[in-house]
Structure formats: C-alpha cells, structure tokens
There are 2 protein chains.
Amino acid sequence: MEYKEAKDKFINTWGSLGSLWGINKAMAQIQSLLFISTKPLSMEEIMEELHISRGNTSMNIRQLIDWGIVTKELIPGERKEFFTTEKDVQELARIVAKERSRREIKPVIKVLEEVSTIKDDGTEKTRELIKQTKALHDLAATADSMLNKMVNQKQNWITKSILKFVK
Amino acid sequence: MEYKEAKDKFINTWGSLGSLWGINKAMAQIQSLLFISTKPLSMEEIMEELHISRGNTSMNIRQLIDWGIVTKELIPGERKEFFTTEKDVQELARIVAKERSRREIKPVIKVLEEVSTIKDDGTEKTRELIKQTKALHDLAATADSMLNKMVNQKQNWITKSILKFVK
DNA sequence: ATAAATTTTCAGTAATTACTGAAAATTTAG
DNA sequence: CTAAATTTTCAGTAATTACTGAAAATTTAT
C-alpha cells in the first residue's frame with residue numbers, strides 16, 4: 001500500500017468513526033488530515049484535500065476549535081489562517097472524554113438522579129422505575145468518573161499498570 | 001414528580017442517549033420501556049406506549065434481539081409474543097461493550113494496523129502517517145482490550161477496587 | 001385442510017442532518 | 001481611508017436516516 005492510499009484509508013476510516021466519539025464526518029476528517037500532516041494547513045488546503053466546500057470547512061473547523069482539539073496557527077508573512085491539531089493521542093483522548101462527559105453523560109446522569117429520587121408511592125411499577133434508574137445512575141456515574149480519572153492520568157495511564165490490574 | 005412524568009422523562013433521556021451506545025432512538029426507547037416494566041410487553045403494548053408504528057416496532061425489536069439485549073418471552077395461553085430485556089445493568093453494559101467493540105472498534109483497529117505498517121519510504125509525510133497511526137492503533141487497541149476486560153469482570157467490577165486504584 | 005391472529009417486509013414518505021455557494025462581514029495591506 | 005484577501009454566515013438544497021402503513025408471509029387454532 002502506497003502513501004496516498006494509506007492516507008485516504010486512514011482519513012475515511014477514522015472519519016467514519018466520528019460517530020463513536022460524537023462528532024460528524026467532516027469534522028472527524030479534518031481532524032484526521034491535520035493529525036497526519038507534517039505542517040499546519042490552511043482552509044484552502046483542507047477543502048481541496050477533502051473535497052468539501054468553504055462553508056463546510058469553516059463551520060467544522062470552528063467546532064473543532066470549540067472542542068479544543070484544533071488551534072489556529074499564525075504563520076509570519078501569511079495572510080491566511082493555518083490550523084493544527086493536538087498531536088498527542090493521550091491528550092486527544094483526554095479532551096474528547098472530557099467534552100463528551102460534559103456535553104452528554106453528565107446531563108443524563110442528572111436526569112437519572114431526578115427520576116430515581118421520586119417519591120415511592122408503594123406501587124410495584126414505581127418501585128421498579130426507582131430501582132432500575134438508580135442502578136443505571138450508579139453505573140453511569142461510576143463509569144463517567146472512572147473514564148475521566150483514567151484519562152486524566154497524564155502519564156501513559158493505559159500502557160502501564162491498569163491492564164495488569166484488570167488481569 | 002409523578003410516576004408518569006418520571007417514566008416519560010426516563011424513556012426520552014435514555015432514548016436520546018442511544019447515539020452514545022450506537023443505536024437509534026426507537027431502539028433505545030423500546031429497551032428503556034422494557035427496562036422499567038414489571039412484566040413482559042407485547043408488540044401492541046410497546047407501539048401504543050411509544051406511539052410508533054407496527055413496522056418500526058417490529059424492526060427495532062429484531063435489532064435488539066440481534067444485539068442480545070432483548071428476548072422473546074412465551075406466555076402460556078397467549079398467542080402474541082412478549083418481550084423482556086436484560087434487567088441487570090452490569091450484564092447490559094457487558095453486552096453493549098462487546099457488541100460495539102465487535103461492530104465498530106475492531107474493524108477500525110484493523111485498518112489502523114494496516115495503515116501503520118505500510119513500507120517506510122523515508123519521506124517525512126510517510127513517517128508522520130506511520131508514527132501517528134501507530135500511536136492511535138496502540139491507544140485504540142489498549143482501550144478496547146481494557147473496556148472488554150473491565151466489563152467482563154462479572155462481579156461488580158465498577159463499584160469495587162478499580163476506582164480506588166485509579167485514585 | 002381453512003381462516004383468524006400476528007409478525008415481517010419494504011416501497012414510499014417524512015424528518016433529520018449535513019453541505020453548498022454566494023453574499024455579507026471581517027481582516028489586512030497599502 | 002480604500003480595496004483586496006479571507007473568513008463567516010445562512011438560506012436553500014442534497015443526502016441520509018428513520019418511520020409508516022398496508023400487503024405479504026408466517027404462525028396458530030380448529
């Protein structure tokens with residue numbers, strides 16, 4: 001497999017995985033492109049490379065900046081803006097986990113909390129609702145907390161002792 | 001908050017979280033409904049409760065069965081089919097993690113493997129592609145393996161020592 | 001076997017989400 | 001300042017995804 005093919009394959013596959021980390025395709029592809037680029041890229045270069053419109057590029061870059069994954073790079077003597085992405089996978093994972101937690105998981109946990117603390121009127125169905133949402137709440141809260149803690153261990157959290165620990 | 005309101009809130013919130021575990025809204029809502037039901041439900045009951053069509057209900061139940069989250073329940077003397085979902089959150093988490101891994105993460109890891117092992121032609125861009133996809137591959141592979149292992153610890157993996165361990 | 005009950009399928013439609021492209025806004029250079 | 005370069009916005013459109021409803025298929029009872 002040659003460079004070009006490998007590159008396209010990477011961008012497409014990683015891009016399609018966007019759903020897994022909760023962002024859209026174009027966004028994921030722009031990030032992918034920057035991730036394997038050896039230098040900052042301009043909007044022009046990005047739209048050409050991915051065959052997407054100027055508007056689309058602009059909107060998605062902004063979102064990536066909101067996420068804290070991409071940053072503007074000022075290049076002396078250049079009028080255009082250039083962009084780079086966080087290159088360290090660990091740090092990337094940290095940011096993504098944190099954002100998803102904040103945007104999606106935390107709000108759900110809050111609702112589970114609310115629902116699981118309604119007044120027990122003694123009926124079977126209310127009891128079941130309380131019991132099950134409480135169980136989900138505990139699972140979600142603990143998983144969320146774990147995820148954040150793991151991903152915050154700046155030093156190669158993943159390669160070291162945890163794996164050993166979970167057997 | 002009364003039972004009805006709490007129930008609807010739960011079904012909607014949990015349903016909208018479907019995207020997070022990679023299934024669509026109707027599917028997530030059906031599962032939610034079964035999850036807090038005190039008895040198996042028929043297709044009829046599900047479609048009425050959620051205001052969705054017969055076809056939609058049928059298709060999504062099938063998918064839930066494919067995922068291994070919902071099972072048909074035969075009720076003596078009843079002609080209709082009834083359905084239940086796995087009620088244990090731990091087990092539910094195990095199934096979901098395993099399925100997502102199989103359907104989405106594993107295939108991506110495979111591509112990352114392929115891309116990161118192309119021949120190094122010595123150019124800077126090829127080197128960068130190899131370096132970065134290798135890093136992603138390692139991250140994804142390790143995270144996937146961890147997730148599966150954690151979730152496979154049948155005994156309350158989450159509430160016990162891991163949290164303590166990760167500080 | 002026949003027929004009623006029930007489920008599945010799927011073509012058509014609706015709803016949602018993503019994308020384009022050009023006009024408007026902003027920035028930069030002279 | 002003016003004008004060129006660049007970016008942003010957003011109404012309109014395209015693409016994707018989800019849903020309906022009725023016909024076809026299947027199951028069950030007699």
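Quick note: numbers below take in every heavy atom, side chains included, and nothing from hydrogens, waters or symmetry partners. Order of the sequence lines fixes the chain letters, A, B, ..., with proteins taken first and strands second; residue numbering starts at 1 for each chain.
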message: What is the distance, to the nearest angstrom, from the NZ atom on Lys25(A) to the P atom on dT17(C)?
response: 16 Å

message: Using a heavy-atom cut-off of 4.0 Å across all strands, would you classify Glu44(B) as base, sugar-phosphate, or nothing?
response: nothing

- line: Separation of dC10(D) atom P from Arg62(A) atom CZ, nearest Å, is 9 Å

message: Is it the case that the side chain of Asp144(B) and the backbone of Ala140(B) share a donor-acceptor pair, with hydrogens and angles ignored and the cut-off at 3.5 Å?
response: no

field: Listed nucleotide nearest any side-chain atom of Ser58(A), set dC19(C), dT6(D), dT9(D)
entry: dT9(D)

task: Go ahead and name the base partner of dA22(C); Watson-Crick or wobble counts if both distances stay under 3.5 Å, otherwise write none.
output: dT9(D)

- prompt: dT20(D), dT7(C), dT20(C): which one has an atom nearest the side-chain heavy atoms of Lys80(B)?
  reply: dT7(C)

statement: Judged by nearest nucleotide, the residue sitting upstream toward the 5' end of DNA chain C, Ser53(A) or Glu78(A), is Ser53(A)

task: Looking only at side-chain atoms of Asn24(B), point me to the closest of dT8(C), dA18(D), dT20(C).
output: dA18(D)

task: Please determine, for the side chain of Asn60(A), which listed nucleotide (dT6(D), dC19(C), dC19(D)) has the closest atom?
output: dC19(C)

field: Tyr3(B) with Phe35(B), same ILVMFWY side-chain cluster at under 4.5 Å
entry: yes

query: If only atom types and distance count, is the side chain of Glu86(A) paired as donor or acceptor with the main-chain N or O of Asp88(A) below 3.5 Å?
result: yes

Test item: Asn56(A) side-chain N/O and Ile52(A) main-chain N/O as donor-acceptor pair under 3.5 Å: no

message: I need the single residue from Leu112(B), Ile118(B), Val111(B), Thr133(B) that forms a side-chain contact (heavy atoms from CB on, under 4.5 Å) with Lys9(A). Which is it?
response: Val111(B)

query: For the pair made of CD1 in Ile30(A) and C1' in dC19(C), what is the distance, rounded to whole Å?
result: 12 Å

message: Any strand counts, and the cut-off is 3.5 Å on both contacts for Watson-Crick or G-U wobble. Which nucleotide pairs with dA4(C)?
response: dT27(D)

query: Atom CD1 of Ile23(A) and atom C1' of dT17(C): how far apart are they, to the nearest Å?
result: 15 Å

Residue met sooner reading DNA chain D from 5', once Asn56(A) and Arg79(A) are mapped to nucleotides: Arg79(A)

task: Take atom CD1 of Ile61(A) and atom P of dC19(C), then tell me their distance rounded to the nearest Å.
output: 14 Å

message: Does dT9(D) have OP1 or OP2 under 4.0 Å away from a side-chain N or O of Arg54(A)?
response: no

- request: Could you state the atom-to-atom distance from CD1 of Ile52(A) to P of dT7(D) in whole Å?
  value: 14 Å

field: Whole angstrom value for the distance that separates P of dG21(D) from NE2 of His51(B)
entry: 13 Å

- prompt: Whole Å only: how far is the CG atom of Leu41(A) from the P atom of dT7(D)?
  reply: 13 Å

